[in-house]
2 protein chains.
Amino acid sequence: MDKQLKRMATMQRIQTTGLEIFYQKGYHNTSIDDILKELSLSKGAFYYHFQSKEEYFISIVQNLLFRKVYSSLIEPIEGEEDPLNKIAACFDNALETAEHNFLDYGFVLSNFITEFNGKNPDIMNYLQDILKVWEVNLVTALQKGKTDGYVNRHIDSEAVATYLISSYIGIRTLMVEGNGKMLRYKYIQQLRNYFKLIEHKESV
Amino acid sequence: MDKQLKRMATMQRIQTTGLEIFYQKGYHNTSIDDILKELSLSKGAFYYHFQSKEEYFISIVQNLLFRKVYSSLIEPIEGEEDPLNKIAACFDNALETAEHNFLDYGFVLSNFITEFNGKNPDIMNYLQDILKVWEVNLVTALQKGKTDGYVNRHIDSEAVATYLISSYIGIRTLMVEGNGKMLRYKYIQQLRNYFKLIEHKESV
DNA sequence: CTATAAACAGACCTATAAGTCTGTTATCCT
DNA sequence: AGGATAACAGACTTATAGGTCTGTTTATAG
(Lines give C-alpha, C1' and ligand atoms only; values in the text may rest on other atoms or scores of the structure.)
Protein backbone atom coordinates (compact mmCIF):
# COMPACT_ATOMS: atom_id res chain seq x y z
CA MET A 1 0.00 0.00 0.00
CA ASP A 2 1.09 3.57 -0.55
CA LYS A 3 2.89 4.98 2.48
CA GLN A 4 0.74 8.08 2.81
CA LEU A 5 -2.40 6.01 2.51
CA LYS A 6 -1.14 3.43 4.96
CA ARG A 7 -0.30 6.15 7.44
CA MET A 8 -3.69 7.77 7.12
CA ALA A 9 -5.49 4.45 7.25
CA THR A 10 -3.74 3.40 10.44
CA MET A 11 -4.31 6.75 12.13
CA GLN A 12 -7.96 6.64 11.17
CA ARG A 13 -8.30 3.13 12.50
CA ILE A 14 -6.71 4.05 15.82
CA GLN A 15 -8.88 7.14 16.13
CA THR A 16 -12.14 5.43 15.21
CA THR A 17 -11.64 2.54 17.60
CA GLY A 18 -10.43 4.98 20.26
CA LEU A 19 -13.60 7.05 20.10
CA GLU A 20 -15.73 3.93 20.40
CA ILE A 21 -13.93 2.68 23.50
CA PHE A 22 -13.55 6.12 25.09
CA TYR A 23 -17.29 6.53 24.63
CA GLN A 24 -18.01 3.21 26.28
CA LYS A 25 -15.51 3.28 29.13
CA GLY A 26 -14.56 6.93 29.49
CA TYR A 27 -11.18 8.50 28.81
CA HIS A 28 -9.45 7.87 32.13
CA ASN A 29 -10.75 4.36 32.42
CA THR A 30 -9.52 3.39 28.97
CA SER A 31 -5.89 2.42 28.52
CA ILE A 32 -3.97 2.75 25.31
CA ASP A 33 -3.48 -0.99 25.49
CA ASP A 34 -7.25 -1.52 25.51
CA ILE A 35 -7.46 0.23 22.18
CA LEU A 36 -4.38 -1.44 20.73
CA LYS A 37 -5.57 -4.86 21.77
CA GLU A 38 -8.80 -4.29 19.86
CA LEU A 39 -6.75 -3.33 16.80
CA SER A 40 -3.99 -5.91 17.24
CA LEU A 41 -1.47 -3.11 17.15
CA SER A 42 1.51 -2.34 19.37
CA LYS A 43 2.62 0.55 21.54
CA GLY A 44 5.29 1.26 18.94
CA ALA A 45 2.66 1.86 16.28
CA PHE A 46 0.62 4.14 18.50
CA TYR A 47 3.44 6.36 19.69
CA TYR A 48 4.80 6.54 16.17
CA HIS A 49 1.57 8.25 15.08
CA PHE A 50 0.63 10.18 18.23
CA GLN A 51 2.69 12.11 20.75
CA SER A 52 0.62 11.28 23.82
CA LYS A 53 -2.76 9.99 24.94
CA GLU A 54 -3.97 13.56 25.38
CA GLU A 55 -2.87 14.81 21.97
CA TYR A 56 -4.44 11.69 20.50
CA PHE A 57 -7.73 12.34 22.26
CA ILE A 58 -7.81 15.96 21.14
CA SER A 59 -7.33 14.86 17.54
CA ILE A 60 -10.32 12.56 17.96
CA VAL A 61 -12.44 15.36 19.40
CA GLN A 62 -11.59 17.82 16.66
CA ASN A 63 -12.15 15.35 13.88
CA LEU A 64 -14.42 12.42 14.59
CA LEU A 65 -16.43 13.79 17.50
CA PHE A 66 -17.14 17.10 15.84
CA ARG A 67 -18.27 15.39 12.64
CA LYS A 68 -20.41 12.96 14.60
CA VAL A 69 -22.28 15.72 16.42
CA TYR A 70 -22.50 17.82 13.29
CA SER A 71 -23.98 15.12 11.11
CA SER A 72 -26.48 13.88 13.66
CA LEU A 73 -27.64 17.06 15.38
CA ILE A 74 -26.66 20.12 13.38
CA GLU A 75 -26.88 19.31 9.69
CA PRO A 76 -30.39 17.82 9.90
CA ILE A 77 -31.90 21.07 11.18
CA GLU A 78 -30.75 23.13 8.22
CA GLY A 79 -33.24 23.78 5.45
CA GLU A 80 -36.18 25.83 4.33
CA GLU A 81 -39.02 24.11 6.13
CA ASP A 82 -40.44 24.66 9.60
CA PRO A 83 -37.42 24.55 11.97
CA LEU A 84 -39.50 23.29 14.89
CA ASN A 85 -40.56 20.25 12.93
CA LYS A 86 -37.02 19.68 11.76
CA ILE A 87 -35.65 19.94 15.29
CA ALA A 88 -38.25 17.55 16.68
CA ALA A 89 -37.60 15.08 13.87
CA CYS A 90 -33.85 15.40 14.32
CA PHE A 91 -34.01 14.80 18.07
CA ASP A 92 -36.42 11.91 17.60
CA ASN A 93 -34.11 10.37 15.07
CA ALA A 94 -31.08 10.73 17.32
CA LEU A 95 -32.98 9.19 20.22
CA GLU A 96 -34.11 6.31 18.02
CA THR A 97 -30.50 5.45 17.33
CA ALA A 98 -29.74 5.60 21.04
CA GLU A 99 -32.79 3.53 21.86
CA HIS A 100 -31.57 0.65 19.74
CA ASN A 101 -28.19 0.47 21.39
CA PHE A 102 -28.08 -2.73 23.38
CA LEU A 103 -26.23 -0.92 26.11
CA ASP A 104 -26.37 2.82 25.70
CA TYR A 105 -23.65 5.09 26.99
CA GLY A 106 -25.35 8.46 26.74
CA PHE A 107 -24.50 11.51 24.72
CA VAL A 108 -20.82 11.34 23.80
CA LEU A 109 -20.22 15.06 24.00
CA SER A 110 -21.81 15.64 27.39
CA ASN A 111 -20.15 12.52 28.79
CA PHE A 112 -16.75 13.95 27.98
CA ILE A 113 -17.69 17.39 29.27
CA THR A 114 -18.65 15.81 32.56
CA GLU A 115 -15.43 13.81 32.66
CA PHE A 116 -13.03 16.63 31.84
CA ASN A 117 -14.64 19.50 33.68
CA GLY A 118 -12.24 20.91 36.25
CA LYS A 119 -9.51 18.55 35.15
CA ASN A 120 -8.35 19.60 31.72
CA PRO A 121 -9.27 23.13 30.59
CA ASP A 122 -7.57 22.53 27.25
CA ILE A 123 -9.77 19.61 26.28
CA MET A 124 -12.78 21.34 27.82
CA ASN A 125 -12.37 24.20 25.37
CA TYR A 126 -12.44 21.87 22.38
CA LEU A 127 -15.58 20.22 23.71
CA GLN A 128 -17.28 23.52 24.48
CA ASP A 129 -16.49 24.65 20.94
CA ILE A 130 -18.64 21.85 19.56
CA LEU A 131 -21.47 22.79 21.91
CA LYS A 132 -21.16 26.38 20.79
CA VAL A 133 -21.47 25.47 17.12
CA TRP A 134 -24.59 23.47 17.92
CA GLU A 135 -26.11 26.34 19.88
CA VAL A 136 -25.35 28.93 17.20
CA ASN A 137 -26.95 26.78 14.54
CA LEU A 138 -30.05 26.24 16.64
CA VAL A 139 -30.40 29.98 17.22
CA THR A 140 -29.92 30.67 13.53
CA ALA A 141 -32.58 28.12 12.61
CA LEU A 142 -35.03 29.64 15.09
CA GLN A 143 -34.39 33.18 13.88
CA LYS A 144 -34.89 32.11 10.30
CA GLY A 145 -38.07 30.42 11.44
CA LYS A 146 -39.30 33.78 12.70
CA THR A 147 -38.76 35.57 9.38
CA ASP A 148 -40.30 32.64 7.53
CA GLY A 149 -43.40 32.76 9.70
CA TYR A 150 -42.93 29.44 11.44
CA VAL A 151 -41.77 30.70 14.81
CA ASN A 152 -43.34 33.17 17.20
CA ARG A 153 -41.48 36.47 16.92
CA HIS A 154 -41.66 37.15 20.65
CA ILE A 155 -39.67 34.17 21.87
CA ASP A 156 -36.08 34.44 23.01
CA SER A 157 -34.23 32.26 20.49
CA GLU A 158 -31.12 31.90 22.60
CA ALA A 159 -33.10 30.85 25.64
CA VAL A 160 -35.04 28.32 23.59
CA ALA A 161 -31.82 26.91 22.14
CA THR A 162 -30.36 26.57 25.63
CA TYR A 163 -33.49 24.87 26.86
CA LEU A 164 -33.48 22.47 23.91
CA ILE A 165 -29.85 21.53 24.39
CA SER A 166 -30.41 21.06 28.10
CA SER A 167 -33.34 18.77 27.66
CA TYR A 168 -31.53 16.72 25.02
CA ILE A 169 -28.42 16.27 27.15
CA GLY A 170 -30.62 15.26 30.06
CA ILE A 171 -32.78 12.75 28.25
CA ARG A 172 -29.70 11.09 26.79
CA THR A 173 -28.28 10.80 30.28
CA LEU A 174 -31.51 9.25 31.50
CA MET A 175 -31.70 6.80 28.62
CA VAL A 176 -28.64 4.93 29.81
CA GLU A 177 -30.82 3.23 32.39
CA GLY A 178 -32.25 1.08 29.62
CA ASN A 179 -35.92 2.03 29.24
CA GLY A 180 -35.10 3.96 26.09
CA LYS A 181 -38.30 3.42 24.16
CA MET A 182 -40.56 4.80 26.87
CA LEU A 183 -38.27 7.73 27.67
CA ARG A 184 -38.01 8.68 24.03
CA TYR A 185 -41.78 8.67 23.66
CA LYS A 186 -42.33 10.80 26.74
CA TYR A 187 -39.61 13.22 25.79
CA ILE A 188 -40.76 13.80 22.22
CA GLN A 189 -44.34 14.20 23.44
CA GLN A 190 -43.34 16.98 25.81
CA LEU A 191 -40.96 18.53 23.30
CA ARG A 192 -43.78 18.91 20.81
CA ASN A 193 -45.95 20.18 23.62
CA TYR A 194 -43.35 22.83 24.42
CA PHE A 195 -43.15 23.78 20.76
CA LYS A 196 -46.81 24.80 20.82
CA LEU A 197 -45.72 27.87 22.72
CA ILE A 198 -42.86 28.57 20.40
CA GLU A 199 -44.64 28.28 17.09
CA HIS A 200 -46.19 31.17 15.27
CA LYS A 201 -49.72 32.05 16.35
CA GLU A 202 -52.15 33.39 13.75
CA SER A 203 -54.20 35.26 16.32
CA VAL A 204 -52.46 37.76 18.60
CA MET B 1 -13.90 10.90 73.34
CA ASP B 2 -16.40 8.06 73.50
CA LYS B 3 -15.37 5.23 71.22
CA GLN B 4 -18.68 4.91 69.43
CA LEU B 5 -18.78 8.65 68.86
CA LYS B 6 -15.20 8.74 67.70
CA ARG B 7 -15.85 5.93 65.26
CA MET B 8 -18.92 7.64 63.84
CA ALA B 9 -17.20 11.01 63.70
CA THR B 10 -14.24 9.65 61.78
CA MET B 11 -16.43 7.72 59.35
CA GLN B 12 -18.55 10.80 58.76
CA ARG B 13 -15.49 12.91 58.16
CA ILE B 14 -14.07 10.46 55.65
CA GLN B 15 -17.40 10.20 53.85
CA THR B 16 -18.08 13.92 53.72
CA THR B 17 -14.64 14.80 52.39
CA GLY B 18 -14.85 11.87 49.99
CA LEU B 19 -18.09 13.09 48.44
CA GLU B 20 -16.62 16.54 47.95
CA ILE B 21 -13.53 15.28 46.18
CA PHE B 22 -15.35 12.58 44.19
CA TYR B 23 -17.71 15.29 43.03
CA GLN B 24 -14.86 17.54 41.95
CA LYS B 25 -12.54 14.99 40.38
CA GLY B 26 -14.72 11.97 39.70
CA TYR B 27 -14.51 8.56 41.32
CA HIS B 28 -11.85 6.93 39.19
CA ASN B 29 -9.68 10.00 39.12
CA THR B 30 -9.69 10.35 42.89
CA SER B 31 -7.31 8.23 44.93
CA ILE B 32 -7.89 7.19 48.51
CA ASP B 33 -4.68 9.04 49.32
CA ASP B 34 -6.15 12.26 47.90
CA ILE B 35 -8.95 12.05 50.45
CA LEU B 36 -6.70 10.97 53.31
CA LYS B 37 -4.25 13.75 52.61
CA GLU B 38 -7.06 16.27 52.93
CA LEU B 39 -8.01 14.74 56.27
CA SER B 40 -4.47 14.08 57.53
CA LEU B 41 -5.41 10.45 58.02
CA SER B 42 -3.64 7.26 57.07
CA LYS B 43 -4.44 4.21 54.98
CA GLY B 44 -4.71 2.27 58.21
CA ALA B 45 -7.53 4.47 59.42
CA PHE B 46 -9.40 4.22 56.15
CA TYR B 47 -9.24 0.45 55.77
CA TYR B 48 -10.13 0.03 59.40
CA HIS B 49 -13.48 1.68 58.72
CA PHE B 50 -14.16 0.59 55.15
CA GLN B 51 -13.59 -2.65 53.30
CA SER B 52 -12.76 -1.17 49.91
CA LYS B 53 -13.01 1.97 47.83
CA GLU B 54 -16.18 0.65 46.22
CA GLU B 55 -17.96 -0.28 49.44
CA TYR B 56 -16.93 3.13 50.77
CA PHE B 57 -18.37 4.93 47.76
CA ILE B 58 -21.63 3.01 47.98
CA SER B 59 -22.00 4.07 51.61
CA ILE B 60 -21.54 7.67 50.51
CA VAL B 61 -24.17 7.30 47.80
CA GLN B 62 -26.74 5.72 50.09
CA ASN B 63 -26.25 8.22 52.87
CA LEU B 64 -24.83 11.60 51.92
CA LEU B 65 -25.71 11.71 48.24
CA PHE B 66 -29.28 10.59 48.76
CA ARG B 67 -29.81 13.15 51.52
CA LYS B 68 -28.24 15.86 49.41
CA VAL B 69 -30.54 15.25 46.46
CA TYR B 70 -33.52 14.80 48.73
CA SER B 71 -33.08 18.03 50.65
CA SER B 72 -32.31 20.17 47.61
CA LEU B 73 -34.66 18.77 44.96
CA ILE B 74 -37.34 16.59 46.51
CA GLU B 75 -38.30 18.00 49.89
CA PRO B 76 -38.80 21.57 48.58
CA ILE B 77 -41.54 20.50 46.19
CA GLU B 78 -43.72 18.98 48.86
CA GLY B 79 -46.58 21.07 50.20
CA GLU B 80 -50.07 22.30 49.59
CA GLU B 81 -49.46 25.16 47.22
CA ASP B 82 -49.20 25.22 43.43
CA PRO B 83 -46.67 22.48 42.57
CA LEU B 84 -45.56 24.22 39.38
CA ASN B 85 -44.54 27.30 41.32
CA LYS B 86 -42.79 25.17 43.89
CA ILE B 87 -40.89 23.23 41.25
CA ALA B 88 -39.81 26.38 39.46
CA ALA B 89 -38.70 27.97 42.74
CA CYS B 90 -36.92 24.78 43.78
CA PHE B 91 -35.03 24.50 40.47
CA ASP B 92 -34.20 28.19 40.52
CA ASN B 93 -32.87 27.88 44.03
CA ALA B 94 -30.74 24.86 43.15
CA LEU B 95 -29.34 26.66 40.12
CA GLU B 96 -28.57 29.71 42.21
CA THR B 97 -26.38 27.61 44.46
CA ALA B 98 -24.63 26.17 41.42
CA GLU B 99 -24.23 29.60 39.89
CA HIS B 100 -22.25 30.84 42.85
CA ASN B 101 -19.76 28.01 42.78
CA PHE B 102 -16.45 29.45 41.70
CA LEU B 103 -15.84 26.36 39.63
CA ASP B 104 -18.94 24.29 39.18
CA TYR B 105 -18.82 20.56 38.66
CA GLY B 106 -22.35 19.90 37.51
CA PHE B 107 -25.10 17.80 39.03
CA VAL B 108 -23.50 15.28 41.35
CA LEU B 109 -25.97 12.52 40.67
CA SER B 110 -25.85 12.69 36.87
CA ASN B 111 -22.07 13.02 36.93
CA PHE B 112 -21.80 9.70 38.72
CA ILE B 113 -24.41 8.08 36.49
CA THR B 114 -22.34 9.11 33.48
CA GLU B 115 -19.17 7.83 35.08
CA PHE B 116 -20.45 4.43 36.20
CA ASN B 117 -22.73 3.54 33.33
CA GLY B 118 -21.59 0.33 31.69
CA LYS B 119 -18.84 -0.12 34.26
CA ASN B 120 -20.45 -0.95 37.56
CA PRO B 121 -24.09 -2.15 37.49
CA ASP B 122 -24.12 -2.41 41.26
CA ILE B 123 -23.35 1.26 41.86
CA MET B 124 -25.57 2.21 38.92
CA ASN B 125 -28.54 0.67 40.69
CA TYR B 126 -28.00 2.74 43.81
CA LEU B 127 -27.75 5.89 41.70
CA GLN B 128 -30.82 5.03 39.66
CA ASP B 129 -32.72 4.47 42.89
CA ILE B 130 -32.20 8.10 43.85
CA LEU B 131 -33.37 9.23 40.42
CA LYS B 132 -36.43 7.05 40.79
CA VAL B 133 -37.37 8.60 44.15
CA TRP B 134 -37.08 12.04 42.61
CA GLU B 135 -39.24 11.06 39.66
CA VAL B 136 -41.92 9.45 41.80
CA ASN B 137 -42.12 12.55 43.99
CA LEU B 138 -42.43 14.82 40.98
CA VAL B 139 -45.23 12.70 39.55
CA THR B 140 -47.01 12.67 42.90
CA ALA B 141 -46.74 16.45 43.19
CA LEU B 142 -48.14 16.90 39.69
CA GLN B 143 -51.02 14.52 40.28
CA LYS B 144 -51.88 16.28 43.51
CA GLY B 145 -51.70 19.53 41.54
CA LYS B 146 -54.39 18.17 39.25
CA THR B 147 -56.81 17.35 42.05
CA ASP B 148 -56.09 20.70 43.68
CA GLY B 149 -56.87 22.56 40.50
CA TYR B 150 -53.38 23.85 39.80
CA VAL B 151 -52.41 21.51 37.01
CA ASN B 152 -54.14 20.73 33.75
CA ARG B 153 -55.87 17.35 34.05
CA HIS B 154 -54.99 16.33 30.50
CA ILE B 155 -51.24 16.34 30.83
CA ASP B 156 -49.17 13.19 31.22
CA SER B 157 -47.59 13.60 34.65
CA GLU B 158 -44.91 10.99 34.08
CA ALA B 159 -43.87 12.53 30.78
CA VAL B 160 -43.72 15.98 32.36
CA ALA B 161 -41.62 14.63 35.22
CA THR B 162 -39.22 13.01 32.77
CA TYR B 163 -38.98 16.20 30.78
CA LEU B 164 -38.31 18.24 33.90
CA ILE B 165 -35.59 15.93 35.12
CA SER B 166 -34.02 15.87 31.66
CA SER B 167 -33.90 19.61 31.37
CA TYR B 168 -32.49 19.99 34.87
CA ILE B 169 -29.72 17.45 34.31
CA GLY B 170 -28.89 19.14 31.03
CA ILE B 171 -28.75 22.71 32.30
CA ARG B 172 -26.53 21.64 35.18
CA THR B 173 -24.19 20.01 32.69
CA LEU B 174 -24.12 23.17 30.62
CA MET B 175 -23.49 25.39 33.62
CA VAL B 176 -20.06 23.92 34.17
CA GLU B 177 -18.79 26.10 31.35
CA GLY B 178 -18.97 29.07 33.68
CA ASN B 179 -21.68 31.39 32.36
CA GLY B 180 -24.03 30.25 35.10
CA LYS B 181 -25.97 33.43 35.65
CA MET B 182 -27.07 33.76 32.05
CA LEU B 183 -27.85 30.08 31.65
CA ARG B 184 -29.92 30.04 34.82
CA TYR B 185 -31.93 33.03 33.64
CA LYS B 186 -32.61 31.53 30.23
CA TYR B 187 -33.50 28.17 31.68
CA ILE B 188 -35.96 29.43 34.27
CA GLN B 189 -37.54 31.68 31.68
CA GLN B 190 -38.24 28.76 29.38
CA LEU B 191 -39.26 26.51 32.25
CA ARG B 192 -41.98 28.95 33.27
CA ASN B 193 -42.89 29.28 29.64
CA TYR B 194 -43.29 25.51 29.43
CA PHE B 195 -45.41 25.53 32.58
CA LYS B 196 -47.98 27.72 30.84
CA LEU B 197 -49.04 24.63 28.93
CA ILE B 198 -49.09 22.47 32.01
CA GLU B 199 -51.08 24.70 34.32
CA HIS B 200 -54.79 24.50 34.70
CA LYS B 201 -56.80 26.44 32.12
CA GLU B 202 -60.10 28.09 33.16
CA SER B 203 -61.44 28.02 29.61
CA VAL B 204 -61.60 24.72 27.77
C1' DC C 1 -3.58 0.83 87.44
C1' DT C 2 -3.28 -2.37 83.87
C1' DA C 3 -4.73 -5.70 80.40
C1' DT C 4 -7.21 -5.51 76.20
C1' DA C 5 -9.19 -4.18 72.18
C1' DA C 6 -10.36 -0.36 69.32
C1' DA C 7 -8.39 3.24 66.40
C1' DC C 8 -4.87 4.66 63.75
C1' DA C 9 0.18 5.17 61.41
C1' DG C 10 2.87 4.09 57.67
C1' DA C 11 5.99 0.95 55.26
C1' DC C 12 5.28 -2.44 51.91
C1' DC C 13 3.30 -5.32 48.11
C1' DT C 14 1.25 -5.66 43.59
C1' DA C 15 -1.13 -4.48 39.44
C1' DT C 16 -1.88 -1.26 36.00
C1' DA C 17 -0.96 2.09 32.61
C1' DA C 18 1.67 5.96 30.21
C1' DG C 19 5.57 6.52 27.88
C1' DT C 20 10.54 5.05 26.09
C1' DC C 21 13.79 2.57 23.49
C1' DT C 22 15.85 -0.74 20.67
C1' DG C 23 15.20 -3.95 17.21
C1' DT C 24 12.59 -5.70 13.03
C1' DT C 25 9.74 -5.52 8.82
C1' DA C 26 7.79 -3.17 4.91
C1' DT C 27 7.97 0.35 1.39
C1' DC C 28 10.05 3.75 -1.62
C1' DC C 29 13.60 5.89 -4.45
C1' DT C 30 17.48 5.68 -7.48
C1' DA D 1 18.81 -4.69 -6.43
C1' DG D 2 19.77 -2.41 -2.34
C1' DG D 3 20.35 1.37 0.84
C1' DA D 4 17.40 4.51 3.36
C1' DT D 5 13.53 5.52 5.91
C1' DA D 6 8.81 4.92 7.26
C1' DA D 7 5.94 1.80 9.96
C1' DC D 8 5.52 -1.20 13.47
C1' DA D 9 6.73 -4.92 17.44
C1' DG D 10 7.42 -5.57 22.10
C1' DA D 11 10.36 -5.57 26.19
C1' DC D 12 11.40 -2.24 29.63
C1' DT D 13 11.02 1.87 32.80
C1' DT D 14 8.53 4.60 35.97
C1' DA D 15 4.72 6.42 38.52
C1' DT D 16 0.46 5.78 40.58
C1' DA D 17 -3.02 3.73 43.31
C1' DG D 18 -5.64 -0.07 45.75
C1' DG D 19 -4.97 -2.95 49.25
C1' DT D 20 -2.23 -5.58 53.14
C1' DC D 21 0.30 -6.03 57.25
C1' DT D 22 2.73 -5.05 61.33
C1' DG D 23 3.47 -1.94 64.82
C1' DT D 24 1.93 1.99 67.87
C1' DT D 25 -1.29 4.94 70.34
C1' DT D 26 -5.56 5.69 72.83
C1' DA D 27 -9.57 4.63 75.37
C1' DT D 28 -12.41 1.55 78.21
C1' DA D 29 -13.43 -2.19 81.45
C1' DG D 30 -12.42 -4.59 85.60
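Just so it is clear: chains get the letters A, B, ... in the order the sequence lines come, proteins before strands, and each one is counted from 1. A quick note: this is a predicted structure, and the numbers were derived from the prediction, not measured. Keep in mind that the numbers below use all heavy atoms, side chains included, and drop hydrogens, waters and symmetry copies.
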Q: Return each pair, listed once, that meets salt bridge (Lys or Arg N to Asp or Glu O under 4.0 Å) where at least one residue sits in residues 77-99 of chain B; pairs must be two or more places apart or across chains.
A: Glu80(B)-Lys144(B), Glu81(B)-Lys86(B), Asp92(B)-Arg184(B), Glu99(B)-Arg184(B)

Q: What integer distance in Å separates Leu36(A):CG from dA17(C):P?
A: 12 Å

Q: In whole angstroms, how far is the C1' atom of dA18(C) from the CZ atom of Phe57(A)?
A: 16 Å

Q: Extract from the structure each pairing of a protein N or O with an N or O of nucleotides 4-7 of chain D at less than 3.5 Å, listing the distance.
A:
from   : atom 1 : to       : atom 2 : distance (Å)
dA6(D) : O4'    : Lys3(A)  : NZ     : 3.1
dA7(D) : OP1    : Lys3(A)  : O      : 3.3
dA7(D) : OP2    : Arg7(A)  : NH1    : 2.9
dA7(D) : OP2    : Tyr48(A) : OH     : 2.5

Q: Counting side-chain heavy atoms from CB outward, which of dG19(C), dA9(C), dA18(C) is closest to Ala45(B)?
A: dA9(C)

Q: Within this structure, what is the CG-to-C1' distance between Asp33(B) and dG10(C), rounded to whole angstrom?
A: 11 Å

Q: If you check every side-chain atom of Tyr47(B), which of dG10(D), dA9(C), dG18(D) has the closest atom?
A: dG18(D)

Q: With distance as the sole criterion, is a donor-acceptor pair present between the side chains of Tyr187(B) and Ser166(A) under 3.5 Å?
A: no

Q: Rounded to whole angstrom units, what separation is found between the CE atom of Met11(A) and the P atom of dC8(D)?
A: 11 Å

Q: Aromatic contact between Phe116(B) and Phe57(B), with the criterion being ring centroids under 6.0 Å apart: yes or no?
A: yes

Q: Given atom NZ of Lys53(A) and atom P of dG19(C), what is their separation to the nearest angstrom?
A: 8 Å

Q: Check whether the side chain of Lys43(A) and the base of dG19(C) form a donor-acceptor pair under 3.5 Å.
A: yes

Q: Tell me: CD1 of Ile14(B) to C1' of dA9(C), nearest whole Å?
A: 13 Å

Q: If you check every side-chain atom of Leu41(A), which of dG18(D), dA18(C), dA9(D) has the closest atom?
A: dA9(D)

Q: Only one of Tyr168(B), Tyr70(B), Phe66(B) forms a ring pair (Phe, Tyr, Trp, His ring centres under 6.0 Å) with Trp134(B), so which one is it?
A: Tyr168(B)

Q: Given Phe50(B), which of Phe46(B), Tyr48(B), Tyr47(B) fulfils the ring pair (Phe, Tyr, Trp, His ring centres under 6.0 Å) condition?
A: Phe46(B)

Q: Could you tell me how far apart His28(A) (NE2) and dA17(D) (P) are, to the nearest whole angstrom?
A: 11 Å

Q: Apply side chain to side chain donor-acceptor pair (under 3.5 Å) to Thr173(B) and list each qualifying residue two or more places apart in sequence or on a separate chain.
A: none

Q: Figure out the CZ/P separation between Phe50(A) and dA18(C), and round it to whole Å.
A: 15 Å

Q: Could Lys119(A) and Tyr105(B) be counted as a cation-pi pair, given that NZ or CZ must be under 6.0 Å from the ring centre and within 45° of the axis?
A: no

